[in-house]
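Here's the structure, in structure tokens; my notes come after.
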Amino acid sequence: MSVVEQYARAHIVTDADLLDEEQAAVPVVLRYDPEDDPRSVRVGLPGRREWTLARTLLEQGLRAPAGSGEVRVWPCGRVQAVVEFHTSQGVSVVQFESKTLLRFLRRTYTAAAQPVRR
């Protein structure tokens, strides 16, 4: 099984007054390592913040609101999805294009189906 790493662009959603360059999409790393945890994916945000969430949660959240606690995912219109990360310091809300997350999920299922090579 091989590691899947996909670079994406997403928007951090905030109610703060931001400069134009701060409203631009930010780089995000989507990562799946079936040998580390075959049920989880990781989302790496700028500033070295990384979140781990269930792969099924991400998939379910693309169709309907899903999750509770630290991570929630829901569709936002027809072409976007929102992932919400909760900590004791606050909430980070990240908006993705749904097709980016779908492509990543397809790649994770393909990687998980590959036989182990030794």
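Predicted, not measured: the structure shown is a model, and the values here were computed from it. The basis for the numbers below is simple: all heavy atoms, side chains too, and nothing from hydrogens, waters or symmetry mates.
Sorted by first and then second residue, the pairs that involve residues 73-84 and meet salt bridge (Lys or Arg N to Asp or Glu O under 4.0 Å), not counting sequence neighbours, are Arg72-Glu84. Pairs engaging residues 85-102 under the salt bridge (Lys or Arg N to Asp or Glu O under 4.0 Å) rule: Glu97-Lys99 [sequence neighbours left out].
Taken to the nearest 0.5 Å, the CZ atom of Arg107 stands 11.0 Å off from the CG atom of Leu105. To the nearest 0.5 Å, atoms CZ (Arg103) and OG (Ser98) are separated by 11.5 Å. In this structure, Thr108 OG1 and Asp33 CG are separated by 12.0 Å, a value rounded to the nearest 0.5 Å. In this structure, OH on Tyr32 lies 14.5 Å from CD on Glu5, to the nearest 0.5 angstrom.
Counting only heavy atoms from C-beta outward, the side chains of Arg55 and Tyr109 approach each other to under 4.5 Å. The closest side-chain heavy-atom distance from Val28 to Leu45 is below 4.5 Å.
Considering only residues two or more places apart in sequence or on other chains, Phe85 meets the ring pair (Phe, Tyr, Trp, His ring centres under 6.0 Å) condition with Trp51.
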Could you go through residues 37-44 and list every donor-acceptor pair under 3.5 Å that involves a side-chain atom there, pairing it with any protein atom two or more places apart or in another chain?
{"residue": "Asp37", "atom": "OD1", "partner": "Arg39", "partner atom": "N", "Å": "3.1"}
{"residue": "Asp37", "atom": "OD2", "partner": "Ser40", "partner atom": "OG", "Å": "2.8"}
{"residue": "Arg42", "atom": "NH2", "partner": "Asp36", "partner atom": "OD2", "Å": "2.8"}

Side-chain atoms of residues 60-70: list all donor-acceptor pairs with protein atoms under 3.5 Å, sequence neighbours left out, distances to 0.1 Å.
none

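The shortest heavy-atom contact between Phe104 and Val4 is CE1-CG1, 3.9 Å.
By the 4.5 Å side-chain criterion applied to Ile, Leu, Val, Met, Phe, Trp and Tyr, Tyr7 is assigned to a cluster that also includes Val29.
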- request: Output, in order, the C-alpha distance, side-chain angles, deciding distance and verdict of side-chain contact (heavy atoms from CB on, under 4.5 Å) for Leu53 and Leu58.
  value: CA-CA 7 Å; Leu53 61 142; Leu58 184 58; 4.0 Å; yes
- request: Applying side-chain contact (heavy atoms from CB on, under 4.5 Å), run through Thr100 and Arg9 and close with a yes or a no.
  value: CA-CA 9 Å; Thr100 299; Arg9 300 202 56 79; over 6 Å; no
